[in-house]
Amino acid sequence: MRTYEPEVVPESSAGTAKCLVLRQPDDWHVHLRDGAMLAAVINETARQFARAIVMPNLDPPVTTVVAAEGYRARILEALAPSIAFTPLMTVYLTDAIEPGEIERGFASGVFTAAKLYPAHATTNAAYGVTDARLVYPALELMQRVGMPLLLHGEVTDQNVDVFDREAVFIDRVLTRILLDFPALKFVFEHITTEEAVAFVEAAGPNVGATITPHHLMINRNAMFEGGIRPHLYCLPVAKRERHRLALRRAATSVNPKFFLGTDSAPHSVGDKESACGCAGIFNAPVAIQSYATVFEEEGALDRLQAFAAEHGPRFYGLPLNAGSIVLEQKPWRVPSSFAATDARIVPFLAGATLAWTYKGRIDDAERERSD
Ligand code: DOR
Ligand code: ZN
């Protein structure tokens, strides 16, 4: 009988090298961009993940069914023909969003979820929501039809210290939304604090959270190590060490509320290494290898599959993927940059050597032969 127990098995053809075989994972939060940048990054995500929740923060943002269909078509066009990958589209909430548009998009399967960016919170968030109460009709509808709300959980109040903006968002906004919409399914995206971990743990099963590889691997010191490190700047910004440790505990706890979401967010080198550098870390090429490194360090490799391939689909009510991916326990040097048509993109952990090499996908028959 077919089973999906994650396993570390000796690789028959490579002597002592071990392989980690996991059910095919998904990325529940990614920025794929558009145009030349989309073409440069899409296959890095699609190589590792069967499906991904695609963020709608293009400029202009994806606010209609037609725009999401067009964007999905461009993603599929940019995809290498040999790779099976399903982009799951999201709609960008604005103050003026029509609940009817959201309902049509969800009913027709074009929208999987809706994203709420507080206005001006991050990249292309200028069109975001100025006051959560303005989208209450949309949230009402989403609660009724079971459509997930994805939240960028930071206040934008300039009087709040940038390192406190997530915790303050919980107190000022999230607690209120949960009280007003107790059955709304929502994902607290890219959590970075122990307060967020505690909030999600205490909430009902309708509340989940994604955790990025970078927030599991770096704390805020990394941004200033020997000088300013623009490629480690993202939003929400990395926090103190105790928060990183809380995220590691949450990710490896087998609590089904926590699942994989890379928040891979590419920007060109020029846009990062600038007097006003963009927020975002491009981690797609190193995503599963980074998570494997973290889970191994935590002595929890046997729990990686649940975090990477099971909790997310269960939260979204989608089937688990068939097929598997294989990582080999062999050093892999991360490329120093990737090429887009007219720019270069520096990935997370550029130039570093990771203990795990991503080998690719195998189907069920191949996996059975390797068992
Ligand atoms: O660092 C980030 N980059 N955080 C976000 O919320 C958006 C993202 C982007 O689109 O660049
Ligand atoms: Zn994001």
Side-chain angles (χ1 to χ4, degrees), residues 26-35 37-38 40-42 44-45 49 52-62 71 75 87-93 112-129 148-156 162-163 165-166 169 173 186-193 196 208-218 220 222-223 229-239 247 259-274 276-284 287 312 338 340 343 345-348:
D26 303 299
D27 184 351
W28 298 99
H29 182 127
V30 70
H31 299 267
L32 295 178
R33 311 302 192 208
D34 213 344
M37 188 64 99
L38 167 64
V41 303
I42 175 62
E44 295 301 323
T45 289
F49 300 105
I53 287 277
V54 181
M55 288 297 123
N57 63 331
L58 305 181
D59 191 9
V62 178
Y71 186 27
I75 293 168
L88 301 172
M89 309 310 291
T90 58
V91 56
Y92 183 115
L93 297 182
T112 297
K115 177 72 188 256
L116 192 161
Y117 288 103
H120 306 290
T122 185
T123 307
N124 295 342
Y127 309 87
V129 173
L149 172 69
L150 314 182
L151 277 165
H152 183 108
E154 287 190 291
V155 293
T156 53
V162 69
F163 294 100
R165 288 183 189 170
E166 184 174 279
F169 184 85
V173 185
F186 76 79
V187 184
F188 197 169
E189 299 285 8
H190 40 55
I191 57 170
T192 61
T193 57
T210 52
I211 307 182
T212 75
H214 43 281
H215 291 115
L216 292 168
M217 291 183 105
I218 61 166
R220 64 191 196 176
M223 282 183 296
R229 302 282 182 169
H231 298 289
L232 298 180
Y233 171 59
C234 65
L235 287 169
V237 71
K239 307 293 193 300
L247 296 173
F259 41 90
L260 186 159
T262 64
D263 198 15
S264 184
H267 292 276
S268 69
V269 172
D271 285 346
K272 293 288 291 175
E273 298 176 7
S274 144
C276 185
C278 292
I281 294 180
F282 175 50
N283 60 29
F338 286 75
I345 317 159
V346 174
F348 184 47

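For the numbers below, each heavy atom of this structure counts, side chains included, while hydrogens, waters and symmetry mates do not. Counting convention: from 1, in listed order, for ligands and their atoms alike.
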- Message: How close do Ser264 and Ala284 get, counting heavy atoms only, and between which atoms?
- Response: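 Between these two residues, the closest heavy atoms are OG-N, 3.1 Å.
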Rounded to the nearest 0.5 Å, how far does [atom2] of [Y] lie from [atom1] of [X]?
| X | Y | atom1 | atom2 | result |
| --- | --- | --- | --- | --- |
| Trp28 | Thr112 | CH2 | OG1 | 8.0 Å |
| Phe259 | Ile211 | CZ | CD1 | 9.5 Å |
| Thr212 | Asp27 | OG1 | CG | 10.5 Å |
| His214 | Leu232 | NE2 | CG | 9.5 Å |

Could you tell me whether some N/O pair between [X] and ligand 1 is separated by less than 3.5 angstrom?
| X | answer |
| --- | --- |
| Leu235 | yes |
| Ala265 | no |
| Ala279 | yes |
| Tyr233 | no |

Could I get the full list of side chain to side chain contact (heavy atoms under 4.5 Å, CB included) partners for [X], not counting sequence neighbours?
| X | result |
| --- | --- |
| Ala238 | His215, Ile218 |
| Pro118 | Leu116, Ala121, His152, Thr156, Phe169 |
| Asp271 | His267, Ser268, Cys278 |

- Message: For atom 5 (C) of ligand 1, what is the closest protein heavy atom, and at what distance to 0.1 Å?
- Response: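 For atom 5 (C) of ligand 1, the nearest protein heavy atom is Thr122 OG1, 3.0 Å.
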- Message: Looking at Thr193 and Ala196, would you say the former's side chain and the latter's main chain have a donor-acceptor pair under 3.5 Å?
- Response: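 Yes: the side chain of Thr193 pairs with the backbone of Ala196.
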- Message: So does Leu235 get a backbone contact from the side chain of Glu154, meaning a donor-acceptor N/O pair under 3.5 Å?
- Response: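 Side chain of Glu154 to backbone of Leu235: no pair is present.
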Counting each atom of ligand 1 from 1 as listed, which ones have a heavy atom of [X] under 4.0 Å away?
| X | answer |
| --- | --- |
| Cys234 | 1 (O) |
| Gly280 | 1 (O), 2 (C), 3 (N) |
| Asn57 | 9 (C), 10 (O) |
| His152 | 6 (O) |

- Item | Protein N, O or S atoms under 2.8 Å from the Zn ion (ligand 2) |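 Atoms of protein N, O or S type lying less than 2.8 Å from the Zn ion (ligand 2) total 3.
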- Examine ligand 1 and decide if any of its atoms is less than 4.0 Å from a heavy atom belonging to Arg33.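 Yes; Arg33 lies near enough to ligand 1 that a heavy-atom distance drops under 4.0 Å.
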- Item | Close approach of His267 to ligand 1, heavy atoms, under 4.0 angstrom |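 Contact present.
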- Task: Check the angle between the aromatic planes of Phe282 and Phe338 and answer parallel, tilted or perpendicular using the 30° and 60° thresholds.
- Result: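 Phe282 and Phe338: perpendicular rings.
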